[in-house]
2 protein chains.
Amino acid sequence: MRFEAVTIKDIAKALGLSTSTVSRALRDSYEISPETKKLVLQYAESINYHPNPIALSLKERRSRSIGVIVAEIANSFFSQTIDGIESVANSNGYNVIISQSRESNDKELVNLNYLTSRSIDGLIVSVSAETKDFSSFKELFDRGMPIVFFDRIVNDIDTHKVIVDNYKGAYDAVTHLIGNGYTSIAAVSGSELLSISKDRLEGYKAALQENGLAVNDDMIKFCPNGGRVLEEVGQAVTELLALPTKPDAILSLSDKLTTGCLRILKSQQISVPGQMGLIGFSNSDLTELIEPPLSIIKQPALEMGEIATNQLLQLIESKRPVTEFETTVLEPQLVIRQSSAKKHI
Amino acid sequence: MRFEAVTIKDIAKALGLSTSTVSRALRDSYEISPETKKLVLQYAESINYHPNPIALSLKERRSRSIGVIVAEIANSFFSQTIDGIESVANSNGYNVIISQSRESNDKELVNLNYLTSRSIDGLIVSVSAETKDFSSFKELFDRGMPIVFFDRIVNDIDTHKVIVDNYKGAYDAVTHLIGNGYTSIAAVSGSELLSISKDRLEGYKAALQENGLAVNDDMIKFCPNGGRVLEEVGQAVTELLALPTKPDAILSLSDKLTTGCLRILKSQQISVPGQMGLIGFSNSDLTELIEPPLSIIKQPALEMGEIATNQLLQLIESKRPVTEFETTVLEPQLVIRQSSAKKHI
DNA sequence: TTGTAAGCGTTATCAA
DNA sequence: TTGATAACGCTTACAA
């Protein structure tokens, strides 16, 4: 089963012209007579001619498609980002090829190979939770492939990056908790390897210290799978509850962790915020319907996708090698609801 | 900025062979000496050669990519489906180009043109809420483009389709409500034009009638945007509450409508299920955390995506024209929680 | 067993 | 103003 398209040759034959003349007419070249142009354009229209992008790609040595690698599509933050990527890409005549690492470094590499072997013009990446070794990205980048990182960035590679102020997001959230009377605040983080985990934890620690609260490493738990596996969240929370001085609030550092923590707390009959305050990074639009309505730190995901794509297109379309790179830092949004309500003492 | 890849020509030149010999060695042709083959393969490996898929596409007149059109990526059901589509496509060497109609017929047509002009080999579609005229799809299909529909299907086009038993999903949900003592059950539906709306409403009506309850058209409200616009849900619910005999339960017929109804009910201080029972189609994994935990009808989204893709690939790769088409009907899953709890009388 | 040449659809260059 | 030709990277008759 195959879809047969009309080619320039068909038009040339039908009109008794050469393919080059037809091509010129279609591209509105100056070296063409108005009549011929009109004739060709009309006929092309009538038989629904569309230039073959594959042939164009081969000729121009560019595919007009960009690759995207994220951990998971079915995740509010990433699907919102993809939304932004897609709209900017499409309106610039690019298409988007999406792939998921599912937090696995292996799958990420497979995807990377796949995408590059599919002749993409550039790449937008948020790295997997498992990735320690960024040399494949680095090599590719050094060989001339434009890459933009967002959210989970790679500090060692000097290119455009788009993030929120993760430090501030966590800092503000913890400050808010302290302001509401919480004094023993734990952090449930994703993979230690991720840039976002590091930055957010820094913010968490700084807020504690600036408020005269001690930073206790036992109060920081890592979930290498970022909450994709509920068990790891269960273990983290259970360990926190077994501490000599139990925390009275949890800051969770990513989407699935936030809802994961709540799931675990609920299953253990621990009331939120009564027995445990909770605030976390999340981009789900259902958090306000949850019981209790969740306080969240939200990222401007759509905008991040748009910016990343604009920057990538700029790299792709730049005539000369780009050497000056930018890291765009956006503001996270703190949305205060019930789950971090003032503590009753 | 451009990424330069190694070509067969480079290998041929380096090894003093012709491009055809190199090509044969790489494709493991029988008409080649073992030594030459080994030599070429080794060298290709060493310089990290990858065949240029664009050139291959041009030669083979196929792009090994499939297009997907859905209403919205950032929607649990669709992102889960895309998950399934992507995994099957990728493991068969295809890539996936995704586009969103955002429930607009215009944008759907733009996407359709865009995708076909990008030489895709086939198309997976769930139509927009606005689409009444399917002639573009029909034409494309008749001109030989393999298309598979899922969820929101087009009855007039005879091709593979993948759906759940929407009738049964709604029927079972209403039967459950009736069993729990609800006697005045309203339906909040998406666009009237969608196949899923029709089928689900049929199931709703049948369940009422079989239980001796009257079907009242005032009890059926349509939201043309499928809940993407909260106001339309607000209006639907408000109208229902203004009826002489108010409903005591709502069946909502799609993802965003279900959470939308809850949002509206909450904002109007109407307790669920106390004053109003609620059950609806949804694929969000947060529904159990919501207050009250939502009873839902869930679709096997991942599986639907996988099946649709397998069927599409079958169409694409079929040597002769396919004339026998299949509509796969999967079972929806009824998940009973608090929001439809037994009514206190 | 290897090489030559044509062709996939398009555009750029050169010649007419 | 138009046409012939080569080229993009690859495969495949056909020729050697």
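- Two residues, Thr19(A) and Thr19(B), neighbour DNA chain D, and the one matched to the more 5' nucleotide by heavy-atom proximity is Thr19(A).
- When distances run from any side-chain atom of Ser20(B) to the nucleotides dC8(D), dT4(C), dG3(D), the shortest one goes to dT4(C).
- Across dT10(C), dT13(C), dT12(D), the shortest atom-to-atom separation from the side chain of Arg24(B) is found for dT12(D).
- Summarising the geometry, the separation between CG on Leu15(A) and P on dG3(D) is reported as 10 Å, rounded to the nearest angstrom.
- With sequence neighbours excluded, the residues satisfying ring-ring contact (aromatic ring centres under 6.0 Å, His included) with Phe149(A) are Phe137(A).
- The side chain of Ile8(A) approaches dT10(C) more closely than any other nucleotide in the set dG9(C), dT2(C), dT10(C).
- When the side-chain nitrogen and oxygen atoms of Tyr49(A) are compared with OP1 and OP2 of dT10(C), one or more of them lie within a distance under 4.0 Å.
- Considering only side-chain N and O atoms, Lys9(A) lies nowhere under 4.0 angstrom from the phosphate OP1 or OP2 of dT10(C).
- Contacts of Ser23(A) with the nucleic acid, taken as non-hydrogen atoms under 4.0 Å apart, include base atoms.
- As judged by a 4.0 angstrom heavy-atom cut-off over every strand, Arg27(B) is placed among residues touching the sugar-phosphate backbone only.
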Can I get a per-line list of side-chain donor-acceptor pairs under 3.5 Å for residues 10-22 of chain A, giving both atom names and the distance, sequence neighbours left out?
unit_1   : atom_1 : unit_2   : atom_2 : d
Asp10(A) : OD2    : Thr7(A)  : N      : 2.8
Asp10(A) : OD2    : Thr7(A)  : OG1    : 3.4
Ser18(A) : OG     : Ser20(A) : N      : 3.4
Ser18(A) : OG     : Ser20(A) : OG     : 3.1
Ser18(A) : OG     : Thr21(A) : N      : 3.2
Ser18(A) : OG     : Thr21(A) : OG1    : 3.0

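- Side chains of Asp133(B) and Ser135(B): a donor on one and an acceptor on the other come within 3.5 Å.
- A sub-4.0 Å separation between OP1 or OP2 of dG3(C) and a side-chain N or O of Ser18(B) is present.
- For the residue pair Gln100(A)/Asp83(B), the side-chain donor-acceptor check at 3.5 Å is satisfied.
- Phosphate proximity of dT1(D) to Lys37(A): absent, as no side-chain N or O sits under 4.0 Å from OP1 or OP2.
- Applying the 3.5 Å distance criterion, the base of dG7(C) shares no donor-acceptor pair with the side chain of Arg61(B).
- As a whole-Å value, the separation of Leu56(A) CG from dA12(C) P is 10 Å.
- By the 4.5 Å heavy-atom criterion applied to side chains, Arg102(B) and Arg228(B) are counted as neighbours.
- Atom CD1 in Ile11(A) sits roughly 12 Å away from atom C1' in dG9(C) (whole-Å rounding).
- Leu58(B) places its CG atom 9 Å from the P atom of dC8(C), with the value rounded to the nearest Å.
- Leu17(A) comes within 4.0 angstrom of the backbone, heavy atoms only, and of no base.
- Counting non-hydrogen atoms under 4.0 angstrom, Thr36(A) reaches the backbone sugars and phosphates but no base.
- For Tyr30(B) and dT2(C), the shortest distance from a side-chain N or O to OP1 or OP2 is not below 4.0 Å.
- Looking at the side chain of Glu31(A), the nearest of the listed nucleotides dT10(C), dG3(D), dT1(D) is dT1(D).
- When the C1' atom of dG3(D) is taken as reference, atom CD1 of Ile32(A) falls 11 Å away, rounded to whole Å.
- For Glu60(A) and dA12(C), the CD to C1' distance is 12 Å, given to the nearest whole Å.
- Residue Lys59(A) places its side chain closer to dT10(C) than to any other of dT10(C), dA4(D), dT2(C).
- What separates CD1 of Ile54(A) from P of dA7(D) is a distance of 23 Å, to the nearest Å.
- In the model, Thr131(A) has a side-chain atom that pairs as donor or acceptor with a side-chain atom of Ser128(A) under 3.5 Å.
- At whole-Å resolution of the value, CZ in Arg64(A) and P in dC8(D) are 21 Å apart.
- For Thr7(A), taking side-chain heavy atoms from C-beta onward, the closest of the listed nucleotides dT10(C), dT2(D), dT1(C) is dT10(C).
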